**Q** 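Before I ask anything, let me first share the structure, which is written out below as structure tokens.
Numbered from 1 within each chain, the chains take letters A, B, ... in sequence-line order. Values in this document were obtained by computation on a predicted structure and should not be read as measured data.
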Amino acid sequence: MTGSVVAGIGWVTSRGPGRGREAREFSMTAGPIPPVTREDVFPEPNLRFGRLPHYSRVGLAAIAFALRDAGMEHWESKRPTGIVASTRTGCLATDIEYYNTVLPEGGGLPSPNLFSCTLPTCFLGEASIQFGLTGPTLIASDPAEDALGGVRMGLENLSWGECDIMLAGHIDLPAGPAIPGILPPLAGGLFMVLENARDSAAGGYGTLDLSEGGAVRHNGIAISGLNELVRACLAFLPAGGTRSVSSLPASRPA
Amino acid sequence: MNEVLITATATVTGLGPDLDTTWRRLLAGETAVRPIRRFDVGRYPAGNASWIEGLESRGDRSLLFPILERLLDGFDPLPKGCRLVTATTKGCIDTFERVRKGLTGDVADIPVSGPLTWLASRLGLDDPGVNINCACASSTMAVARAAAMIGSGRADAVLVVCMDLLSEFVFSGFSSLQALDPAGCRPFDRNRNGLSLGEGGAALLMMSAETARGKGIRGIGSVVGWGAANDATHVTAPARDGCGLIQAVRRAIAKASIGPDDIAAISAHGTGTVYNDSMESTAFEAVFGSRPIPLNSIKGAIGHTLGAAGGIEVAAGLRSLADRTLPPTAGFREPMEKCVFSVSPFPQPIGGGHLLSTNSGFGGINAALILKGNPE
């Protein structure tokens, strides 16, 4: 299959937020994720962000950082970019928060705002609104431990011609003590901006494709997990580097 | 691109434990929306939903598993190497509720990997599977993904299993959004006032035409087009101008290499909320003009089954094409304003071979499928 260029990377992990061109290290591990504030993500006031639960903030922030890293954060008209993320626990942390508003009053005072965030896809809707993205948006619950399901599906979408740019990644948060025993091996959110490669000159953080068996490959080398993939991408782009993405302007409306 | 057939279907709905029963009662214009007995609804303005009679859990397991057992009981054997794609929005949400109330429940069932793992094991599949969550468009997107997998040659066969339960968790949420019609939903009706929740499941076995031919299987019909788009407008409300649905339908028509005039019937999302049905009517008119295409919603009969809705609607849509009859829209009495399409409380004849099936959901997602019948 044709490869796709990694044009930008953004994340929120236990060490906080980051993006590829500003950080030379990456590690996603298990464990709690510190709060993400509006000031961490957007320089200007953002009415929507403050109302979001933690899961949605982590996801929206990772998408914002990935787009910023690719020079695609700003837009003037909507663009047909899709979003896909894999997860193991989805928005279970938000479910707990919402159901706490149902339990005390026997169903009398459930929070409509929290309920609207009890689908793991809702932050994709927030991102679509924030950044004008009109491609397909989906969450894939994938029991695989490599956390590459979202990237794999994003590459498939691109190869099938569903759209030309996909944000693909992974998101998980620990459920916490309310439901003990559910601890995803990787916690946080990470997204990559993937774009169909239009010529042979790979740019950005290198090229991804899928083997016949469905393995994710970076510049032709099979990758076994999300941490390995991001580290391979960061190693490909020199620190503070400006390796261009051949077909990607710094900021553009579609 | 490989031709994508659907070779076997099964459904479990509030109207019946199998597709034949559901189909017969759909044609009769019946509804399964009735007073809820599963949990106390005394504090909510609405108290109706469509629920499945006689569901019993084993021990502290989720009610989702008896739905899946009913779906798979007697289902066609799966080809070797068959892949698994599921669709659910809340999975074993009843187990989540039990655990949060301090009752016993298998915590491993709470993430969607719980029922996914159970299914793969029950079916003896090597593929651990993946669940697609796209809110109320989940199963439409799952069918689209399975079609793309087969069409591109990534898979020879895919089993799509769609499922969701009626739960207080979800009921309380839609109630808090004031989205439930206490009188039962009335899709595309002038006096529509909200949705009715439902529960159910569907199983759809999809395979390439070549694989089917090799097994001597003719197929019930095919998925010839699919498309999806986000309207990027609002998280819980549809775009008034239907921009996302218009894009999704146009992409599906382009994928199918047909024209708008080839669509003979529409199985709409039709939740019965004021804004959804109005948005759909606007979007369909933008694509199809003022041609009075037969259009229905089965949510007045079986409720809004969330992640199962699109899968059940595909099974019913294929039966519609086979019988050349679109089931009634239960709850519909008076046409809504400015709707040019033919909605009816009675069965309507279908005069062509392609049916459009659409769903839209929270987060702004819209998805469309085009089904083609397999004439005798």
**Q** Does any heavy atom of chain B fall under 4.5 Å from the side chain of A:L114, the backbone, both, or neither of them?
**A** neither

**Q** To the nearest 0.5 Å, how far apart are OG1 in A:T137 and CG in B:N366?
**A** 9.0 Å

**Q** Work out which heavy atom in A:S211 is nearest to a heavy atom in B:R154; give both atom names and the distance.
**A** O-NH2, 3.5 Å

**Q** Please look at B:M149 and chain A and tell me whether the side chain, the backbone, both or neither of the residue comes under 4.5 angstrom of a heavy atom of that chain.
**A** both

**Q** Should we count CG of B:L103 as having more than 12 external heavy atoms under 6.0 Å?
**A** yes

**Q** Heavy-atom distances under 4.5 Å only: say whether B:Q178 touches chain A with side chain, backbone, both or neither.
**A** neither

**Q** Which bit of A:L133 is near chain B, if near means a heavy-atom gap under 4.5 Å: side chain, backbone, both or neither?
**A** backbone

**Q** If you count every heavy atom of other residues, nucleotides or ligands that lies below 6.0 Å from A:F42 atom CZ, does the total exceed 12?
**A** yes

**Q** Given heavy-atom pairs under 4.5 angstrom as the criterion, report whether the side chain, backbone, both or neither of A:C163 touches chain B.
**A** neither

**Q** How close do A:P112 and B:L177 get, heavy atom to heavy atom, and via which atoms?
**A** CB-CD2, 3.7 Å

**Q** A:K78 versus B:C243: any side-chain heavy-atom pair under 4.5 Å?
**A** yes

**Q** Heavy-atom distance under 4.5 Å to chain A: side chain of B:I132, backbone, both or neither?
**A** both

**Q** Search all heavy atoms of B:L116 against all heavy atoms of A:S141 and return the closest pair with its distance.
**A** CD2-O, 3.8 Å

**Q** Which one wins on heavy-atom pair count under 4.5 Å against chain B: A:A127, A:G181, A:G135?
**A** A:G135

**Q** Heavy atoms only, distances under 4.5 angstrom: which of B:I110, B:I93, B:V85 has the most pairs with chain A? Name it, please.
**A** B:I110

**Q** Supply the atom-to-atom distance A:I179 CD1 to B:F96 CZ, rounded to the nearest 0.5 angstrom.
**A** 5.0 Å

**Q** Pick whichever of B:A367, B:S152, B:G364, B:S113 has the most heavy-atom pairs under 4.5 Å with chain A.
**A** B:S152

**Q** Let's test your reading of the structure: which of B:T236, B:T89, B:T233, B:V99 forms the most heavy-atom pairs below 4.5 Å with chain A?
**A** B:T233

**Q** Supply the atom-to-atom distance B:N230 CG to A:I83 CD1, rounded to the nearest 0.5 angstrom.
**A** 7.0 Å

**Q** Please flag which part of A:T118 lies under 4.5 Å from any non-hydrogen atom of chain B: side chain, backbone, both or neither.
**A** both

**Q** How long is the span from the CZ atom in B:F171 to the CZ atom in A:F115, to the nearest 0.5 Å?
**A** 11.0 Å

**Q** Check step by step if side-chain contact (heavy atoms from CB on, under 4.5 Å) holds for A:N100 and B:R100.
**A** CA-CA 9 Å; A:N100 285 343; B:R100 291 299 295 130; 2.8 Å; yes

**Q** Side-chain contact test, heavy atoms from C-beta onward, threshold under 4.5 Å: evaluate it for A:P136 versus B:M141 and give yes or no.
**A** yes

**Q** What's the shortest heavy-atom distance between A:I129 and B:A232, and which atoms?
**A** CG1-C, 3.7 Å

**Q** Distance check, rounded to the nearest 0.5 Å: A:C122 atom SG versus B:N133 atom CG?
**A** 8.5 Å

**Q** With side chains defined as the heavy atoms from C-beta onward, is the minimum distance between A:W160 and B:K255 less than 4.5 Å?
**A** no

**Q** What I'd like to find out is whether the side chain of B:D231 reaches to under 4.5 Å of the side chain of A:T134, using heavy atoms alone.
**A** no

**Q** Using the side-chain contact (heavy atoms from CB on, under 4.5 Å) rule, take B:K101 and A:Y99 through it: C-alpha gap first, then chi angles, then the decisive distance, then the call.
**A** CA-CA 10 Å; B:K101 287 176 178 171; A:Y99 201 56; 3.2 Å; yes

**Q** Just give me the residue among A:G82, A:S128, A:P120 that pairs up with chain B most often, heavy atom to heavy atom, under 4.5 Å.
**A** A:S128

**Q** Would you say B:R122 has more than 12 foreign heavy atoms packed within less than 6.0 Å of its CZ?
**A** yes

**Q** Whether A:E156 and B:R145 form a salt bridge (side-chain N of Lys/Arg under 4.0 Å from carboxylate O of Asp/Glu) is what I want to check.
**A** yes

**Q** Between A:Y98 and B:S172, do the side chains contain a donor N or O and an acceptor N or O under 3.5 Å apart?
**A** yes

**Q** Most heavy-atom pairs under 4.5 angstrom with chain A, which of B:G227, B:A229, B:A142?
**A** B:A229

**Q** Which pair of heavy atoms, one from B:S176 and one from A:S111, lies closest together, and at what distance?
**A** OG-C, 4.2 Å

**Q** Provide the closest heavy-atom pair for B:C134 versus A:L138 in the form atom of the first, atom of the second, distance.
**A** SG-CB, 3.2 Å

**Q** How far does CD1 of B:I365 sit from CG of A:L119, to the nearest 0.5 angstrom?
**A** 12.5 Å

**Q** Please determine if A:D95 and B:K90 form a salt bridge, counting it only when a charged side-chain N lies under 4.0 Å from a carboxylate O.
**A** yes

